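Notes to accompany the following structure.
Proteins come first, then strands; the chains are lettered A, B, ... in the order of their sequence lines, and each starts at number 1. What you are looking at is a predicted structure, and each value in this text was computed from that prediction instead of being measured. Computed over heavy atoms, backbone and side chain alike; hydrogens, waters and symmetry mates excluded.
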Number of protein chains: 2
Amino acid sequence: MSLRYALLALLRVGPLSGYDLAKQFTQSVGHVWHAPDSQIYPELRKMEGEGLVEAEEQARGERGRRRMYHVTPTGDQAFLDWMASPLEYQRTRDPAHLRAAYLETTTPDAAREFFEGHIRQWQGELVQWEGELTHIEMLSNPMLTRRLEATTDEDVRKRTIAYKRFAYEGLVEHALGEIAWAERGLALVDQLDADAT
Amino acid sequence: MSLRYALLALLRVGPLSGYDLAKQFTQSVGHVWHAPDSQIYPELRKMEGEGLVEAEEQARGERGRRRMYHVTPTGDQAFLDWMASPLEYQRTRDPAHLRAAYLETTTPDAAREFFEGHIRQWQGELVQWEGELTHIEMLSNPMLTRRLEATTDEDVRKRTIAYKRFAYEGLVEHALGEIAWAERGLALVDQLDADAT
DNA sequence: CGGAACATGTAACTCGTTACATGATTAC
DNA sequence: GTAATCATGTAACGAGTTACATGTTCCG
């Protein structure tokens, strides 16, 4: 249900084609809310049907076409309403901690591989999120600069940057926490393994 | 896809009816991998169809019946294979951090309510997980005690407890991290609000 | 005899995943 | 001309959510 609001957040800055939107998406909000192109196109059509966005079909060369989407006042209001509404949290569904709770059923080596995989996984996320943080600090993210160009109000610009930085800081801390936990996990496997022999 | 392994983990300890399984589930693995009863019953039927579990239909009074499920050797092996296989991570889809990145689009009060809701949410999780940790320490969790009764090997018992404790410690730390982040968020809102006036 | 707990589901729907399908235009 | 990139999707499936549906047995 959040996908459409992620899309609205990007489109509110200015009109984009489905293609451009999908590209921008993976480079910004996609780090927080993943969605493949094959989900974005149908969702845009659905939002169009509900009057949240409108598409202007443009010719591209002889036979090519593209649909430029822009947010309607209804869509704008829907986004603002969502922002002001209580957030719906998903129920916890955490495969890594589920598995961790049953590691006694496998070999020490498999347990080590699990924790090493966990570290790799979160290192990967960390790189993405730290990269985004750098882009935010340096104002080198394309969506962010478009967003900042759209306003002259210095306060709004400041808050825009502050909240984006803050959001990614939270994600970075989470990744660091997972990595630290998994490293302690490796130590635990070693210790239990040593005790057993 | 993890649901069936969560179910197998519980059933491996000993036979249970769908009803008992669902109850045990919410009190143990359900804290890590949520699933409603209406998902558990069909999944058991599906697993039965795939030969991972078998059901023994028992009479209960005159007309009542219940299906006692137990794990087959195939199911046992499937669980062990899963434990030794690389874990499939889900793509990040984090509504809270998505919203946090766009808080400049709403009022300071709505931003505060968001962070307060975030704190409430994770306080709730924290209570669950700290409760589980206490049950683990005190050996007062019914599934855990059944699990421990099933083995006499002191090493296995020790590791069983150690990994469960470790898994829940990780969850508790995550919850504490989210709460700390949201508290800093409240301070940020105040600061930006003060700067703006 | 009435309510709590036991017991097992179905149906409709939304969201997300994976794989596939197709063609146009631009830059070299 | 050919490869990269632009551009837009569909189809089938699996997982999860919400609401509903139904009946039994045990305990006081």
Give the rounded distance in Å between these two atoms: [atom1] of [X] and [atom2] of [N].
X: M47(B); N: dA15(D); atom1: CE; atom2: C1'; answer: 15 Å
X: R60(A); N: dT26(C); atom1: CZ; atom2: C1'; answer: 8 Å
X: R66(B); N: dG9(C); atom1: CZ; atom2: P; answer: 14 Å
X: Q39(A); N: dC20(C); atom1: CD; atom2: P; answer: 19 Å
X: I40(B); N: dA7(C); atom1: CD1; atom2: P; answer: 15 Å
X: Q58(B); N: dA7(C); atom1: CD; atom2: P; answer: 10 Å
X: E88(B); N: dT18(C); atom1: CD; atom2: C1'; answer: 12 Å
X: E50(A); N: dT14(C); atom1: CD; atom2: C1'; answer: 12 Å

Ignoring the backbone of [X], work out which of [options] is nearest its side chain.
X: R67(A); options: dG16(D), dG9(D), dA15(D); answer: dG9(D)
X: Y41(B); options: dT8(C), dT17(C), dT17(D); answer: dT8(C)
X: P36(A); options: dG16(D), dT18(C), dG9(C); answer: dT18(C)
X: L3(B); options: dA15(D), dT10(D), dG16(D); answer: dG16(D)

Touch class at under 4.0 angstrom, heavy-atom based, for K23(A) against every strand present: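 Nothing: the residue K23(A), judged by heavy atoms under 4.0 Å, touches no strand.
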
Upstream residue (5' side of DNA chain D) when R65(B) and H34(B) are each assigned their closest nucleotide: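 On the 5' side of the pair lies H34(B).
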
Which residue lies more 5' along DNA chain C, comparing K46(A) with R45(B) via nearest heavy atoms: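 By nearest-heavy-atom nucleotide position, the 5'-most residue is R45(B).
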
Heavy-atom donor-acceptor pair, S38(A) side-chain to dT17(C) base, under 3.5 Å: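 Absent.
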
Pairwise side-chain contact, [X] with [Y], heavy-atom cut-off 4.5 Å (strictly under):
X: N141(B); Y: S28(B); answer: yes
X: L16(B); Y: R146(B); answer: yes
X: L171(A); Y: T92(B); answer: no
X: P95(B); Y: Q90(A); answer: yes

Are any of [X]'s side-chain N or O atoms less than 4.0 Å away from OP1 or OP2 of [N]?
X: R63(A); N: dA24(C); result: yes
X: R93(A); N: dT17(D); result: yes
X: Y19(A); N: dC6(D); result: yes

Neighbour count above 12 (heavy atom, 6.0 Å) for E88(B) CD: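 Open: at most 12 neighbouring heavy atoms sit under 6.0 Å from CD of E88(B).
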
